[in-house]
Enquirer: 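Starting off with a structure, shown below.
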There are 2 protein chains.
Amino acid sequence: MVLLADHDPSDCHSRLIQAATEVFIEEGYRASIERVAVRANVARQTLYNHFPSKADLFGEVIKQATAALLVTLDGKAEGLRERLLRFGIAFRAKALSSEGLGFYRALVAESKRFPELAATFYRTGPAQTAARLRGVLQEAMDRGELRPADSEFATTTLLSMLVGAERSHFLLSGESPPEPDPARVAQLVDCYLRAFASEISHSNPAPQRSVP
Amino acid sequence: MVLLADHDPSDCHSRLIQAATEVFIEEGYRASIERVAVRANVARQTLYNHFPSKADLFGEVIKQATAALLVTLDGKAEGLRERLLRFGIAFRAKALSSEGLGFYRALVAESKRFPELAATFYRTGPAQTAARLRGVLQEAMDRGELRPADSEFATTTLLSMLVGAERSHFLLSGESPPEPDPARVAQLVDCYLRAFASEISHSNPAPQRSVP
DNA sequence: AAAGGATTAGACTGGACAGTCTAGTCTAAC
DNA sequence: GTTAGACTAGACTGTCCAGTCTAATCCTTT
């Protein structure tokens, strides 16, 4: 379980959130409260001692997982390509993992029923990640490593390329999620850099090696 | 309603599928059978005269909408860029419309409960579209208009760029879906062509390889 | 006009499930 | 040992809903 690691198994509250996270990822919000309680080795009443309702429990799960889904972008020392590679690998690992896909499925499924929850998740999760990436790309543009462009567009495009169609593929096709594939990330990042490379300066290399 | 147009409103069967499509798009499979019947101005029993169960009705809705979601790629006469533009505009229009998003939400939400249905949809819908696009891109590569590359990769990348992050944005953020934006498609397609342009291409020079 | 098929309203069944209640158990602190 | 607080098992309520059943009605065809 990637999404929650720091849980004291002797603590009911933690065990409940852990169990609920797993169950909601597997079955979505439709999963019964009973299943969560059983998974946590706890009586149903105990669950209600800790959370006023199923919706609150769901909210708590989303809230805690949101933080765990943020993808780091540090590594100022590295060059742009290396930074994007590390980011891309981490991003894909979370988004295309079995947990990431299940989480996404559950949240999308309930985004009509819990609109404010979904919006909050989006703002504090994906949108945060996008904002940080945008900063990195904007700096690279300022340095002349990337051609000047709308940084919102540049950010969205990279994020789209990294998971876009594949997320849908694994959500719908029934195939089990892919192994992490750093080579594919390299292909994508190089592709991206080729499209966004500065027209003048080629100080930022966009190796063609990884495009077969 | 984009997804179903050719329905005789005097025909119960058609009206039921139409109503079910709308209701499932709005509320997902959780929507009650009663709501579908009311929307179709039909008694609940009549619905069961036409469809043996709710699941069958859902399957029928998916089946019919799948065809409507296919995006055409004809226009052999045009140049590659124009063809991709027209494709991109049509593709985004369907994928990012309110109906397209609702449909996607409903299907993703139930892809665990109806795995074979989701897989069939995927194979005969998105995967079909991807296969056609792949053919177009492969031809362009053969003609030397695009650099030689894995055509699966080239296809996935374009499809990702066209909707990827934005689909998630509109599914989760609660914002209402965007107006069609041909300018954005043009931006994306040009971006894509820059990344996949033939290396000897004149109008879209790819960055040269330099010291890593 | 009669017949047959489709449609209708509404009652009904059975199952699932969120949430409550109760009576009892366990444990740790004093 | 007593007490307080957390936990447990399981019965119970109320709601929602898929799917069935029935008896009446409407429409079309002959």
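Residue numbering restarts at 1 for every chain, and letters A, B, ... go by the order of the sequence lines. Keep in mind it's a predicted model, so treat the numbers as computed, not measured.
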Enquirer: Within this structure, what is the CZ-to-C1' distance between B:Arg113 and D:dA18, rounded to whole angstrom?
Expert: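 My rounded result for the distance is 11 Å.
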Enquirer: Side chains of B:Asp56 and B:Ser53: any donor to acceptor distance under 3.5 Å?
Expert: yes
Enquirer: Hey, is the side chain of B:Thr46 poking within less than 4.0 Å of OP1 or OP2 on C:dT8, counting only N and O atoms?
Expert: yes
Enquirer: How many Å lie between CG on A:Asn49 and C1' on C:dC21, as a whole number?
Expert: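 That distance rounds to 12 Å.
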Enquirer: Without decimals, in angstroms, what is the distance between A:Leu16 CG and D:dT8 P?
Expert: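 Those two atoms, CG and P, are 9 Å apart.
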Enquirer: Find the distance B:Arg30:CZ to C:dA18:P and express it as a whole number of Å.
Expert: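 Going from B:Arg30 (CZ) to C:dA18 (P), I get 12 Å.
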Enquirer: Between B:Ser111 and B:Tyr122, does any side-chain donor sit less than 3.5 Å from a side-chain acceptor?
Expert: no
Enquirer: Of B:Arg44 and A:Arg44, whose nearest nucleotide on DNA chain C comes first from the 5' end?
Expert: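 Going by which nucleotide is closer to the 5' end, it is B:Arg44.
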Enquirer: Show the nearest heavy-atom pair for residues B:Gln128 and B:Leu70, with the distance to one decimal.
Expert: CB-CD2, 3.7 Å
Enquirer: Expressed as a whole number of angstroms, how long is the span from B:Ile33:CD1 to D:dC17:P?
Expert: 11 Å
Enquirer: Atom CD of A:Gln45 to atom C1' of D:dT8: distance rounded to whole Å?
Expert: 10 Å
Enquirer: Calculate the interatomic distance between B:Asn41 atom CG and C:dA6 atom C1'; express it in whole Å.
Expert: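 Those two atoms, CG and C1', are 16 Å apart.
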Enquirer: Closest to the A:Ala43 side chain: D:dT8, C:dA11, C:dT20?
Expert: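 Shortest atom-to-atom distance from the side chain points to D:dT8.
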Enquirer: A:Tyr48 side chain: which of C:dT8, C:dA18, C:dA11 is closest?
Expert: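 Given the options C:dT8, C:dA18, C:dA11, the side chain of A:Tyr48 is closest to C:dA18.
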Enquirer: Can you find a side-chain donor-acceptor pair between B:Ser14 and B:Gln18 that sits under 3.5 Å?
Expert: no
Enquirer: What contact category does A:Ala31 fall into here, base, sugar-phosphate, or nothing, at under 4.0 angstrom with non-hydrogen atoms?
Expert: sugar-phosphate
Enquirer: Classify the ring geometry of A:Phe58 against A:Phe114: parallel below 30°, tilted from 30° to 60°, perpendicular beyond 60°.
Expert: tilted
Enquirer: Are any of A:His50's side-chain N or O atoms less than 4.0 Å away from OP1 or OP2 of D:dA6?
Expert: no
Enquirer: Can you tell me the distance, in whole Å, between the CD atom of A:Glu27 and the P atom of C:dA18?
Expert: 11 Å
